[in-house]
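Some notes on the structure that comes next.
No hydrogens, no waters, no symmetry mates; every other heavy atom, side chains included, goes into these values. Because the structure is a prediction, the values reported are computed rather than measured.
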Amino acid sequence: MGDEAVRLSMLGRMLRRRWRFFVVVAVLGALLGACVWLLLPTRYQASTDVLLQGTRTSDELVTETQVAMSSVVLDRTAAALGWHPTRGELQRQATAALGDGNVLTIKGTADSPERAQQLTDQVAREYVSYATELANYTTDASARMFREQREALRQEVTKVNDRITELQAATERGAAPESPRIRAELQDLRTALTQAMTKLDEANSGAGPANVVIMGQAERPSHRAGLSLLELAAGGALLAFVLGVFGHLASARADRRLRVESDIAAALGSPVLATVDVPEASPGDDRATAESTDQPAGQQRWKPLGKRLLLGREPWYEVPLPIAGDEPSRDIRYRRALARLRDAEAGPPTSLVLVPDDNAAAHSAADRLARLAEADGRYPALTVAEVAAARPTVPDGAGTVLVVLSLGTRTAWELVGVVEACADAGRQIVGAVVAYRTRPAGRPADTIGAPPGDVLAGSS
């Protein structure tokens with residue numbers, strides 16, 4: 001695709017033409033997810049709630065969570081359980097988290113439902129026991145402090161009452177000039193007495209410990225913890241599908257074969273003289289396929305069957321093949337190509353036609369050009385020669401060279417290699433003929449290939 005942006009129409013074309021591939025990939029991903037579910041260790045999880053009674057701040061709630069997972073609680077739990085796990089194992093298997101309100105949720109994970117239930121209940125019991133011990137110890141210290149504070153407040157109240165009595169007595173003796181000052185001092189003393197009584201009440205209300213209560217026994221789990229078999233299979237299928245889509249897009253962007261006539265002309269350093277049509281079911285396709293290997297043609301047809309079913313014959317992002325014209329119209333195109341070839345020659349006539357060794361459509365077009373030139377009589381015979389993509393070799397000679405190829409079969413560097421091979425052989429490329437594959441009128445548009453105006457430049 002080159003640098004072309006990915007569009008929804010492009011993704012729709014990918015799904016239409018590669019749906020078999022994506023179905024197979026999704027099935028394999030689902031099977032892989034099922035295998036992961038089978039290989040994962042069996043784990044069951046149970047949970048129970050503990051109510052923290054009383055008014056507590058957020059810091060105190062966080063502290064209770066840490067107390068529930070403290071080493072004392074875990075060590076006591078490990079000692080009480082029948083299979084005697086270690087503290088490190090319980091740190092991975094037991095968790096405590098704050099829920100709504102003053103509710104602490106304790107969860108336990110084990111390899112069986114029974115152990116998960118026992119672990120959760122035992123951690124909850126040990127936490128309540130340890131929290132009660134801490135509360136009782138704190139209550140004893142708070143009680144002593146409360147008694148001391150209450151005695152100090154009682155003494156302060158006594159002093160205030162004595163001072164109020166003195167001021168009232170002074171007022172009764174008739175100290176009129178000092179009456180405003182005495183009334184103000186009495187008001188201050190009453191305020192101080194009210195504050196002292198409030199502190200005494202607050203200390204009395206906070207002296208009692210807050211309770212910690214288990215809200216119920218943990219239920220025995222009936223399903224495995226974590227993702228289920230269906231969820232893992234669906235996730236594996238989705239992941240495989242997404243990877244398949246990105247793989248298609250990445251491979252398309254990485255392919256730099258030329259699909260525009262102007263790019264081919266620039267790489268060869270010579271113009272494109274003409275374009276010709278090659279029906280997809282032409283005899284040249286079968287002959288070229290049979291000659292490309294030493295194996296029988298029947299075996300060659302069976303070998304790529306799986307690839308054709310899954311990936312098709314050509315890249316997915318090109319538009320469908322155009323409908324082939326009739327035989328007379330194709331002959332006109334080939335004769336025009338020969339005429340333009342004669343007009344382009346400035347030296348010796350062209351005697352060699354080069355075609356890629358793996359391009360059956362170009363080989364069919366070159367053969368037809370050679371037959372028409374021989375039947376014409378006004379043009380010397382053309383010799384068709386194949387050239388490889390890697391280290392191309394061109395026969396020595398005195399005439400010029402005509403290159404016949406299809407769009408999307410060669411990169412720019414491969415065509416530059418052909419030009420250098422022609423220069424080494426003492427030949428010059430006079431031009432190129434582009435062969436377009438077409439499909440019969442009655443055949444569905446299920447194959448790939450199109451004129452350069454309908455494809456993406458620099459794509460594969």
Side-chain angles (χ1 to χ4, degrees), residues 1-4 255-278 314-315 318-319 321-322 330 332-366 368-370 372-373 379 382 384-390 392-394 399-438 448-460:
M1 300 186 307
D3 298 329
E4 187 75 14
D255 195 348
R256 295 296 177 179
R257 289 176 291 182
L258 301 180
R259 283 178 166 78
V260 180
E261 293 181 8
S262 59
D263 294 339
I264 294 175
L268 291 175
S270 57
V272 175
L273 300 178
T275 59
V276 295
D277 296 342
V278 179
E314 298 291 342
E318 294 182 358
V319 297
L321 293 174
R330 289 199 297 271
I332 291 175
R333 289 181 178 272
Y334 281 93
R335 294 184 188 281
R336 286 176 180 174
L338 290 175
R340 292 173 184 173
L341 178 60
R342 284 193 296 266
D343 295 339
E345 291 173 348
T350 301
S351 60
L352 184 64
V353 179
L354 292 181
V355 295
D357 56 355
D358 56 354
N359 192 179
H363 210 301
S364 176
R368 187 161 185 168
L369 281 173
L372 290 177
Y379 199 86
L382 296 178
V384 179
E386 295 182 350
V387 61
T393 303
V394 177
T400 56
V401 174
L402 175 67
V403 178
V404 181
L405 74 164
S406 299
L407 295 178
T409 58
R410 286 293 180 268
T411 64
W413 286 111
E414 290 175 344
L415 294 183
V416 170
V418 173
V419 175
E420 293 177 351
C422 291
D424 293 339
R427 295 176 180 269
Q428 182 182 1
I429 298 177
V430 69
V433 173
V434 177
Y436 285 107
R437 295 171 54 207
T438 57
I448 312 299
D454 297 333
V455 297
L456 301 174
S459 61
S460 65

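- Scored by the side chain to side chain contact (heavy atoms under 4.5 Å, CB included) test, A274 finds A337, R340 as partners (sequence neighbours excluded).
- Every residue two or more places apart in sequence or in another chain that forms a side chain to side chain contact (heavy atoms under 4.5 Å, CB included) with A388 is listed here: D357.
- Atoms CD and CG, on E261 and L273 in that order, are 11.0 Å from each other to the nearest 0.5 Å.
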Can I get a per-line list of side-chain donor-acceptor pairs under 3.5 Å for residues 402-409, giving both atom names and the distance, sequence neighbours left out?
from, atom 1, to, atom 2, distance (Å)
S406, OG, N359, OD1, 3.3
S406, OG, N359, ND2, 3.3
S406, OG, A435, O, 3.2
T409, OG1, S406, O, 2.8

Donor-acceptor pairs under 3.5 angstrom involving side-chain atoms of residues 412-427: please list them, not counting sequence neighbours.
from, atom 1, to, atom 2, distance (Å)
E414, OE1, T411, N, 3.1
R427, NE, P395, O, 2.8
R427, NH1, G399, O, 3.3
R427, NH2, D396, O, 3.2

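- Checked against side chain to side chain contact (heavy atoms under 4.5 Å, CB included), R368 has the following partners two or more places apart in sequence or in another chain: E327, R330, D331, Y334, R371, L372.
- In this structure, the side chain to side chain contact (heavy atoms under 4.5 Å, CB included) partners of A339, at least two apart in sequence or on a different chain, are R342.
- Note that CG of L369 and CZ of R335 are 11.0 Å apart. Values are rounded to the nearest 0.5 Å.
- Atom-to-atom distance recorded for D277:CG and R437:CZ is 12.5 Å, nearest 0.5 angstrom.
- Heavy-atom minimum distance, V387 versus R410: O-NH2, 4.2 Å.
- Put simply, the residue from D343, V433, L382 that forms a side-chain contact (heavy atoms from CB on, under 4.5 Å) with L338 is L382.
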